[in-house]
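If you're wondering where the values come from, they're calculated on a predicted model, not measured in any experiment. Here is how names work: the chains are called A, B, and so on, in the same order as the sequence lines, proteins then strands, and each is numbered from 1.
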Protein chains: 2
Amino acid sequence: MDTHPASSADGARVVRRAVSLLREVSAARGNGATLKVLADSAGLPQPTAHRLLKVLQDEGLLERDAASRAYRLGSLLYEFGLAAVPRVDARRLCAGTLERITRAVGDTTYLNSRSGNDALCLDRREGSFEIHALPIEIGNRRPLGVGAGALAVLASLPSAEADAVIEANAKRYRRHGLTAERIRIYVEAARARGFAITSGRIVARYRGVAIAVGNGIGGVPASLSVVAVAERLDPRRIEQVARILIREEKSLREMLSIAPDSHNESPVP
Amino acid sequence: MDTHPASSADGARVVRRAVSLLREVSAARGNGATLKVLADSAGLPQPTAHRLLKVLQDEGLLERDAASRAYRLGSLLYEFGLAAVPRVDARRLCAGTLERITRAVGDTTYLNSRSGNDALCLDRREGSFEIHALPIEIGNRRPLGVGAGALAVLASLPSAEADAVIEANAKRYRRHGLTAERIRIYVEAARARGFAITSGRIVARYRGVAIAVGNGIGGVPASLSVVAVAERLDPRRIEQVARILIREEKSLREMLSIAPDSHNESPVP
DNA sequence: CCTGGAATTCCACAATGTGAAATTCAATGT
DNA sequence: ACATTGAATTTCACATTGTGGAATTCCAGG
C-alpha cells in the first residue's frame, strides 16, 4: 500500500532496530537503562527488544548489570571506539580552548557536538568551583535542545533542519518536562541573543551558558558551554561568561579555519 | 539435520553477522577494507555482506571512502566508545608503566589486551628511536599469537583455552604467512622463556619482546611489549629489554592487586 | 576497445525473526 | 506470611523479512 517506506529500507530491519537500541542505551544516563525503558523508547515490543538486547550483550556490544538488570555499553564498543579515530579530532582541536575557558570562569566547561538528533558531550573540564555531582559525562547524549550546550547546537542549525530535529524529538522532550513548542521559543531566544542560556529548570539547580562553534568542527555542528549551580549564574555573571565564550569561540574558529585537518599520514619523509 | 546449531542462536542471525562485519572492519589495517575482503573474511556471500554494510554505513557505524570504496569504522562508533567507559580502565592504570618502559628502552612500547580471538592494541608510546612507520595503531586488532604482544597474551592463557583460540584462528594465520602449528611452537617457546619474542618475520623488519601482565588487568589478559627495527634487538639487547619488562610487569601487578577498581559511583553522600 | 574482477541490483523462495499471550520472577505493601 | 503489581523471560504459530544464486553494471588496466 504505502509505496514510500522510508529511506533505503532494504533487508535490514533488525540491524536498524539493534542500532537504535544501542543508541538508546548510550543515551541512558549513569547506571544504564532497563529493558522496559529501552523497549519503548526505541518503539519496540518488549520481547523483540529483549531478544535483540540479548544478542548484543552476547556479542559484547552491551553489558548488563547483574543486580539492576540494566544494560550499558559493552567493552567491544569501547574497543571499536579506540579504532574509530575521527578524521578531524574535535576533542583535541578544542582541548586548549576548553582549558582556557575553565581557568577563566572556574566552573565546569563542556564541548558538545551534534550526532543525529542528539547532542553529544565530547569533552569536559571540571571547574574548581564545581560541586561534584556533575550532571553530564563524556559520551552522554540528550535530545538536541535540552540543556544549554545542546540548545546552542540546535540553534546553530539552518532553520529548516532545526525544525526537522525538533519535530523528530518531540516525544523525547516530554521526558525532560519540555515540549517542542517551548524548545522553539528557546531556539529563537538563543538566536536573537547570540548565545544560549538555560533557565535552570531542565537540569534542576543548574544553569548553563553556551555558544555554537562557527559553522561546526570539521563540518559537525558543535558548541562550548559553561555550567554552574544556578546561584552562581546571575544575569551579571552570565554576561561575563558569555563574553569569554564569544572571545574563545572566535579564536577557535580562526584556528580551525587555518588548521589543516588532522591528517595522520603526513607526507613528510 | 543438526538440531542445535551453535550457542543461544535465537532470532538473531543478522545482528550477529552485522557485528562480525564490524569486527572485520575494525581488524582491517590503515585505510579500511573492501567489500570482497570483508565478505569472505566474515564468511558471508557478497550480496548479503553488501546489504548489511550498506545499512551499517547508513546508520553511521561505518563510513566509506569515496575513492577506494573501502569501509572504515564510522563516527557513531567513536561516539559510543566515548560513552563506554570500561569498569576498569587498563589504559589509565598502565599509563605510568608504559611511560617508564619507553623512557628506559627508547623504543616504541605497546599495551595489548585480549578481545575474543584477537589481540587489541590498547595504548602505545612512541620511542625516541622509532622510525616513524609504526606498524600498529591504537585500536588495531590482529589474531592472538601474531606479533610479540599478541603472542605473550596468547601464551598467558590456560592451555586448553589457548588451543581453542589457535584452532579458531587457524585460517586467519595464513594471511600472515603463519600456521596454527607454528603458533603452537611459538607459544611453547614463550612459556618456557617467560616472555615472548618474535623473529622479525611476521611484521617484516621489526622485532618485538613482550611480557604478559600477571593474570590480566581487571580479569582481561594483557601484555606489555617493545618493538624495534630488527637490528636494534640483538640477543644481548633482548635480554636487557626483557629484564626491564619483567621488572615493570612485577610492579604493575602489585599495583593492580592493591588498586581498587576505578569505581565511578562512590557511595558517599 | 576489450577484459576481468569488483560492486551492485534482482527476485523467487523459505528460513528467520516476529510479537501476542502466557509464565516466571522480584520487589513491595498489607 | 501472603497477596499484588510490574518487570523480565519464554513460548509458539505465523508471514514478513532477509537470503543468496544469477544476472547486470561499473571500473581500471592492458
Side-chain angles (χ1 to χ4, degrees), chain A residues 1-22 24-25 28-59 61-72 74 175, chain B residues 1-22 24-25 28-59 61-72 74 175:
Chain A
M1 292 301 119
D2 65 307
T3 1
H4 45 155
S7 54
S8 65
D10 270 323
R13 201 174 38 146
V14 240
V15 179
R16 285 221 153 73
R17 287 174 163 191
V19 176
S20 94
L21 282 171
L22 291 180
E24 292 304 332
V25 173
R29 312 276 291 85
N31 12 24
T34 155
L35 168 61
K36 177 73 171 316
V37 171
L38 291 172
D40 57 43
S41 66
L44 294 174
Q46 221 177 85
T48 301
H50 181 257
R51 186 167 5 106
L52 294 178
L53 289 167
K54 195 153 69 173
V55 187
L56 291 171
Q57 179 188 2
D58 188 87
E59 290 287 336
L61 296 192
L62 294 179
E63 284 168 9
R64 192 165 197 190
D65 185 70
S68 67
R69 318 254 77 191
Y71 294 89
R72 48 159 79 187
R175 260 168 259 167
Chain B
M1 305 297 132
D2 62 308
T3 357
H4 8 235
S7 55
S8 64
D10 270 324
R13 203 175 37 147
V14 239
V15 179
R16 286 221 152 74
R17 287 173 164 191
V19 176
S20 94
L21 282 171
L22 292 179
E24 293 302 331
V25 174
R29 309 280 289 85
N31 13 24
T34 156
L35 168 61
K36 177 73 171 315
V37 171
L38 291 172
D40 56 46
S41 65
L44 294 173
Q46 225 177 84
T48 302
H50 181 257
R51 188 170 0 108
L52 295 178
L53 289 167
K54 195 153 68 175
V55 187
L56 292 171
Q57 179 188 2
D58 189 87
E59 291 287 337
L61 296 193
L62 294 179
E63 283 168 8
R64 192 166 198 189
D65 185 70
S68 66
R69 317 254 76 192
Y71 294 90
R72 49 159 79 188
R175 259 168 259 167

For the pair A/Glu59 and B/Val15, evaluate side-chain contact (heavy atoms from CB on, under 4.5 Å) and give the outcome as yes or no after the intermediate values. CA-CA 9 Å; A/Glu59 290 287 336; B/Val15 179; 5.6 Å; no
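For the pair A/Leu44 and A/Ala67, nearest-nucleotide mapping onto DNA chain C gives the more 5' position to A/Leu44.
For A/Arg13, no side-chain nitrogen or oxygen approaches OP1 or OP2 of C/dT16 to under 4.0 Å. Taking side-chain N and O atoms only, B/Arg17 has no distance below 4.0 Å to OP1 or OP2 of C/dT16. The phosphate of D/dT19 (OP1 or OP2) has no side-chain N or O of B/Thr48 nearer than 4.0 angstrom.
Distance, A/Leu38 CG to D/dT9 P: 12 Å, rounded to whole Å. Here D/dA7 presents its C1' atom at 14 Å from CG of A/Leu53, a figure rounded to the nearest Å. Taking atom CG of A/Leu52 as the reference point, atom C1' of C/dG17 lies 9 Å away to the nearest angstrom.
Across all non-hydrogen atoms, the minimal contact from B/Leu56 to B/Ala18 is CD1-O, 3.8 Å. Residue B/Arg17 comes nearest to B/Leu52 through the heavy atom pair CB-CD1, 3.8 Å, listed as atom of the first residue, atom of the second, then distance. Closest approach of B/Ala28 to B/Gly32, counting heavy atoms only: CB-C, 4.0 Å.
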For residues 62-70 of chain A, which side-chain N or O atoms pair as donor and acceptor with protein atoms under 3.5 Å away, sequence neighbours left out?
residue, atom, partner, partner atom, Å
A/Glu63, OE2, A/Ser75, N, 3.2
A/Arg64, NE, A/Arg69, O, 3.0
A/Arg64, NH1, A/Tyr71, OH, 3.1
A/Arg64, NH2, A/Arg69, O, 3.3
A/Asp65, OD2, A/Ala67, N, 3.4
A/Asp65, OD2, A/Ser68, N, 2.9
A/Asp65, OD2, A/Ser68, OG, 2.9
A/Ser68, OG, A/Ala70, N, 3.3

Enumerate, atom names and distances included, each donor-acceptor pair closer than 3.5 Å involving a side-chain atom of residues 35-50 of chain A, sequence neighbours excluded.
residue, atom, partner, partner atom, Å
A/Ser41, OG, A/Glu24, OE1, 3.2
A/Ser41, OG, A/Val37, O, 3.0
A/Ser41, OG, A/Leu38, O, 3.4

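Bending across the helix from C/dC1-D/dG30 to C/dT30-D/dA1, expressed as the angle between its end axes from five pairs apiece, amounts to 50° (10° rounding).
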Find every protein N or O atom lying less than 3.5 Å from an N or O atom of nucleotides 5-9 of chain C, and list the pairs.
residue, atom, partner, partner atom, Å
C/dA6, OP1, B/Lys36, NZ, 3.0
C/dA6, OP2, B/Lys36, NZ, 2.9
C/dA7, OP1, B/Thr34, OG1, 2.4
C/dA7, OP2, B/Lys36, N, 2.9
C/dA7, N7, B/Gln46, OE1, 3.4
C/dT8, OP1, B/Arg64, NH1, 3.3
C/dT8, OP1, B/Arg69, NH1, 2.9
C/dT8, OP2, B/His50, NE2, 2.8
C/dT8, OP2, B/Arg64, NH1, 3.1
C/dT8, OP2, B/Arg64, NH2, 3.2
C/dT8, O5', B/His50, NE2, 3.2
C/dT9, OP2, B/Lys54, NZ, 3.3

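Contact check for A/Arg16 versus B/Asp58: side-chain heavy atoms found under the 4.5 Å cut-off.
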